[in-house]
Amino acid sequence: LHALKPDLPLPRFDPLAKILPRLDAWAAGRLQAEMAGALEVIDGFELLGSVIHGDLHAGQFILDETGESWLLDLDDLSEGDPAADIGNFAAHLATRDEAGRSRPHDSLSLWLEAALAAYSKAGGHARPALAAAYGRLALIRRALKLREKGSPGTLAALCESP
């Protein structure tokens, strides 16, 4: 997917598109510095104009009876940097119940390292600092989404993290 160059115009990936509608004054006050820091890192890179999924995580793949894998849910398909997909993938894994949510930044770091290594082994290249910045924003988005679903613990832990 990331090796493709868009033939048709795709929207530019906006890492805040699914954060800002969910952000209330309480969360905004606690997460503003985290979001600004991540955006500053992103703004420091020349972004690649690749086709990206925009919401990549393990639940977006299915494996058919022949062993071939298929990518689902392309409604967030956009033009952006592959690091956004890698960061989102790691943030999703970091916020799963099995990962433990008490230290979301630590969990993100572990999953990001594993995701970057697997992506590299598969022949992809993502810049670690950029993937980490997108991962921090995706972690915020996931925490806000989990709060909407009645599980505010990840957001609380994220707001308490230094």
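Side-chain contact between L71 and F61 is present, with at least one heavy-atom pair separated by less than 4.5 Å. You'll find the side chain of D85 stays beyond 4.5 Å of the side chain of F13, heavy atoms only. Put simply, the side chain of R96 does not reach to within 4.5 Å of the side chain of H57, judged on heavy atoms. Proximity of L108 to P104: side-chain heavy atoms (C-beta onward) are nowhere separated by under 4.5 Å. Side-chain contact between L31 and I19 is absent, with no heavy-atom pair separated by less than 4.5 Å.
Atoms CD and CD1, on Q32 and I140 in that order, are 11.0 Å from each other to the nearest 0.5 Å. Rounded to the nearest 0.5 Å, atoms CD (E160) and CG (L155) are 9.5 Å apart.
The number of heavy atoms from other shown groups lying within 6.0 Å of CD (E68) is above 12. By the neighbour-count criterion of 12 heavy atoms within 6.0 Å, atom CH2 of W70 is sparsely surrounded, having that number or fewer from other residues, nucleotides or ligands. Heavy atoms from other residues, nucleotides or ligands lying under 6.0 Å from CD of E148 number more than 12.
Checked by atom type and distance alone, the side chain of D81 pairs as donor or acceptor with a backbone atom of L48 at under 3.5 Å. The main-chain N or O of D73 is found under 3.5 Å from a side-chain atom of H53 such that the two form a donor-acceptor pair. For R147 (side chain) and R22 (main-chain N/O), a donor-acceptor pair under 3.5 Å exists by modelled atom type. Using a distance-only test at 3.5 Å, with no hydrogens or angles considered, no donor-acceptor pair links the side chain of R136 to the main chain of A132.
Considering all non-hydrogen atoms of both residues, L116 and A126 come closest at CD2-CB, 3.8 Å. When all heavy atoms of A83 and R127 are compared, the pair lying nearest together is CB-O, 4.4 Å. Nearest heavy atoms, A27 versus L144: CB-CD2, 4.0 Å. Taking each heavy atom of A90 and A115 in turn, the nearest pair found is CB-CB, 4.5 Å. When all heavy atoms are compared, the tightest approach of E79 to G49 is OE2-CA, 3.5 Å.
No donor-acceptor contact under 3.5 angstrom links the side chains of Q60 and H92, judged on distance only.
Cluster annotation: I52 and L39 are assigned to the same hydrophobic cluster (Ile/Leu/Val/Met/Phe/Trp/Tyr, side-chain heavy-atom contacts under 4.5 Å, transitive). Residue W26 is grouped with residue L23 when hydrophobic side chains (ILVMFWY) are merged at heavy-atom distances under 4.5 angstrom, including chains of intermediate members. Residues I86 and L47 do not share a hydrophobic cluster, defined by chaining ILVMFWY side chains whose heavy atoms lie under 4.5 Å apart. Y119 and L56 are not part of a single hydrophobic cluster, where members link through side-chain heavy atoms under 4.5 Å apart. The cluster map of Ile, Leu, Val, Met, Phe, Trp and Tyr, joined by side-chain heavy atoms under 4.5 Å apart, puts L158 and L110 in different clusters.
With R141 as the fixed residue, the salt bridge (charged side-chain N to carboxylate O under 4.0 Å, His left out) test singles out one of D76, D55, D14: D55. Screening T154, T95, N88 against R142 for a side-chain hydrogen bond (donor to acceptor under 3.5 Å, both in side chains) leaves a single residue, T95.
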Can I42 and L130 be said to form a side-chain contact (heavy atoms from CB on, under 4.5 Å), step by step? CA-CA 6 Å; I42 292 167; L130 186 56; 3.9 Å; yes
